[in-house]
Amino acid sequence: MKKTPEEIAADMADIARRRRQQQRPQKDTSPAAAKGDVQHVLQQLQQLRAGGKLPRYDYETLRRQYEQQANADVKQLQQEAKIHRTEKLLAQADLNADWTFDKMDVNDPALAHHIETAHHFINAFDHWEQKGGTGILLYGDFGTGKSTLAGAIAHELIHKHQKSVIFQQWASVVDRLFFGVIEDQDSRNQYRRALEEVDLLVLDEVAANRSRLAESQSSFLGHLLRRRRNLSKSIIIISNHDPQSLHRAVGDFCFEAIKAFHPVDIALRGPSRRPDIGDYHS
């Protein structure tokens, strides 16, 4: 049967393909051949290294370099996280930026011992967290440095120990919880829990101007302090009252809750440390 031109062309292409296969050398895939290939590659690498074209790597050196870089990266991430957390803690604490130890006169004989006591409080803070919490009662006249000393303690605990702090005037707490400044009940409950659970609660101007607390306020403060004591959370209370008059101002129930913290009492005495107004010297 006579083939068509297309079939003849296909036969010719098939013959050419078989001839090419016969002429192409077959690759040796035996283990011996594979070993020879490896040796050839190693010889090439050695020649490149001998010619200075291939860097010499040492495993231990590389491992140390990788570890150093990894440690540096982790350290940087930790530092960035600490800065971010510190900023959040400062925003929550609502502290005056000037309330720091650097801006207090350590040579003032009326302050030096109290500043030392404050540093003891800071250094032992973690210890007291495991022992039920502790407290400081700061009292004295207006302008004697009570809030500044408490604020310096708070700043130090935030910056160096990453502790959470809330610094509030007692009147502000009362307004938020008793007089509708916080209108939403869920928000009030959240604020109350924050007062109970924050690492350090600083209550300023408790029974300010030597006044007495209303019974509802005294009861709330007493319960708040008992809750914090149960959670091993420390407190600082600032007042114009000395311990004896504070007892009368807050009542038995609240004063016993204060005593449960075994607070250190710090009396700041003397004239106001705030600058005078014009020529008037108070």
Side-chain angles (χ1 to χ4, degrees), residues 89-90 93-129 131-171 198-210 221 225 228-229 232-250 254-255 257-276 281-282:
L89 290 172
L90 287 171
D94 196 22
L95 291 170
N96 186 322
D98 291 332
W99 290 344
T100 63
F101 287 114
D102 292 340
K103 296 186 178 181
M104 299 182 72
D105 185 3
V106 295
N107 297 317
D108 185 337
L111 290 177
H113 175 68
H114 300 323
I115 291 175
E116 183 180 354
T117 301
H119 281 296
H120 286 311
F121 176 83
I122 294 166
N123 293 334
F125 196 84
D126 288 331
H127 167 78
W128 287 113
E129 276 190 323
K131 301 293 183 180
T134 188
I136 294 177
L137 172 61
L138 276 166
Y139 63 94
D141 290 331
F142 295 109
T144 53
K146 303 183 300 298
S147 299
T148 302
L149 182 58
I153 293 172
H155 269 117
E156 196 87 351
L157 284 172
I158 290 173
H159 282 286
K160 294 188 176 180
H161 300 272
Q162 296 285 280
K163 299 298 182 182
S164 59
V165 178
I166 291 179
F167 192 115
Q168 294 272 274
Q169 289 198 346
W170 177 245
V198 70
D199 292 329
L200 175 66
L201 176 62
V202 184
L203 295 176
D204 198 2
E205 304 291 4
V206 175
N209 206 21
R210 296 186 173 84
L221 180 56
L225 295 178
R228 288 190 61 79
R229 176 66 174 169
S232 297
K233 302 297 185 182
S234 297
I235 61 162
I236 296 178
I237 292 179
I238 307 170
S239 181
N240 302 130
H241 291 280
D242 62 26
Q244 183 176 4
S245 63
L246 181 64
H247 186 181
R248 294 193 296 269
V250 301
C254 185
F255 193 71
I258 296 172
K259 287 169 59 179
F261 287 89
H262 307 290
V264 176
D265 64 306
I266 296 179
L268 287 170
R269 308 189 187 280
S272 172
R273 290 180 170 80
R274 296 191 179 107
D276 292 318
H281 303 287
S282 59

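Counting begins at 1 with the first residue of the sequence. In this text, all values refer to a predicted model and were calculated from it rather than measured experimentally.
- For Glu116, the side chain to side chain donor-acceptor pair (under 3.5 Å) test picks out no residue, with sequence neighbours left out.
- The distance from the OG1 atom of Thr148 to the NE2 atom of His155 is 11.0 Å, given to the nearest 0.5 Å.
- Closest non-hydrogen pair, Arg228 versus Leu201, comes out as NH2-N, 3.4 Å.
- Contact of the Leu203 side chain with the Leu221 side chain is registered, since non-hydrogen atoms from C-beta on lie closer than 4.5 Å.
- Pairs passing the salt bridge (charged side-chain N to carboxylate O under 4.0 Å, His left out) check and including a residue from residues 138-153, sequence neighbours excluded, read Asp141-Arg210.
- Between Asp242 and Ser245, the closest heavy-atom pair is OD1-N, 2.8 Å.
- The structure places NZ of Lys160 at 10.5 Å from CG of Leu157, a figure rounded to the nearest 0.5 Å.
- For Asn96, the side chain to side chain donor-acceptor pair (under 3.5 Å) test picks out no residue, with sequence neighbours left out.
- Between Ile235 and Ile237, the shortest heavy-atom contact is CD1-CD1, 3.8 Å.
- With sequence neighbours excluded, the residues that form a side chain to side chain contact (heavy atoms under 4.5 Å, CB included) with Thr134 are Phe121, Trp128, Ser234.
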Mind listing the side-chain donor-acceptor pairs of residues 258-271 below 3.5 Å, one per line with the distance, residues two or more places apart or on another chain?
| residue | atom | partner | partner atom | Å |
| --- | --- | --- | --- | --- |
| Lys259 | NZ | Glu256 | OE2 | 3.1 |

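- Applying the salt bridge (Lys or Arg N to Asp or Glu O under 4.0 Å) rule to Asp199 yields the partners Lys233; only residues at least two apart in sequence or on another chain are considered.
- In His127, the NE2 atom is crowded: over 12 heavy atoms of neighbouring residues, nucleotides or ligands sit closer than 6.0 Å.
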Pair His114, Met104 - check side chain to side chain contact (heavy atoms under 4.5 Å, CB included), show working. CA-CA 11 Å; His114 300 323; Met104 299 182 72; over 6 Å; no

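- Between Ile122 and Glu156, some side-chain heavy-atom pair lies under the 4.5 Å cut-off.
- Annotation: ring-ring contact (aromatic ring centres under 6.0 Å, His included) contacts of His247 (sequence neighbours excluded): Phe255.
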Run the numbers on His161 and Phe125 for side chain to side chain contact (heavy atoms under 4.5 Å, CB included), then give the verdict. CA-CA 9 Å; His161 300 272; Phe125 196 84; over 6 Å; no

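- Rounding to the nearest 0.5 Å places OG1 of Thr144 at 11.0 Å from OH of Tyr139.
- With sequence neighbours left out, Glu205 forms a side chain to side chain donor-acceptor pair (under 3.5 Å) with no residue at all.
- Residues satisfying the salt bridge (Lys or Arg N to Asp or Glu O under 4.0 Å) criterion with Asp98, sequence neighbours excluded, are Lys103.
- Arg248 pairs by the salt bridge (Lys or Arg N to Asp or Glu O under 4.0 Å) definition with nothing, not counting sequence neighbours.
- Between Leu95 and Ile158, the closest side-chain pair of non-hydrogen atoms falls below 4.5 Å.
- Counting all heavy atoms, side chain and backbone alike, Ala97 lies closest to Thr100 at O-CG2, 3.6 Å.
- Inter-residue side-chain proximity for Phe167 and Ile153 is flagged as unmet; no heavy-atom pair is nearer than 4.5 Å.
- The shortest non-hydrogen separation linking Arg274 to Phe142 is NH1-C, 4.1 Å.
- The CD1 atom of Ile236 sits 4.5 Å away from atom CG of Leu200, with the distance rounded to the nearest 0.5 Å.
- The two residues Ser147 and Ile238 make their nearest non-hydrogen contact at CA-CD1, 4.1 Å.
- By the salt bridge (Lys or Arg N to Asp or Glu O under 4.0 Å) test, Asp108 pairs with Arg273, sequence neighbours left out.
- For Asn123, there are no side chain to side chain donor-acceptor pair (under 3.5 Å) partners at least two apart in sequence or on another chain.
- Of the inter-residue distances, the one linking Arg229 atom CZ with Leu225 atom CG reads 11.0 Å to the nearest 0.5 angstrom.
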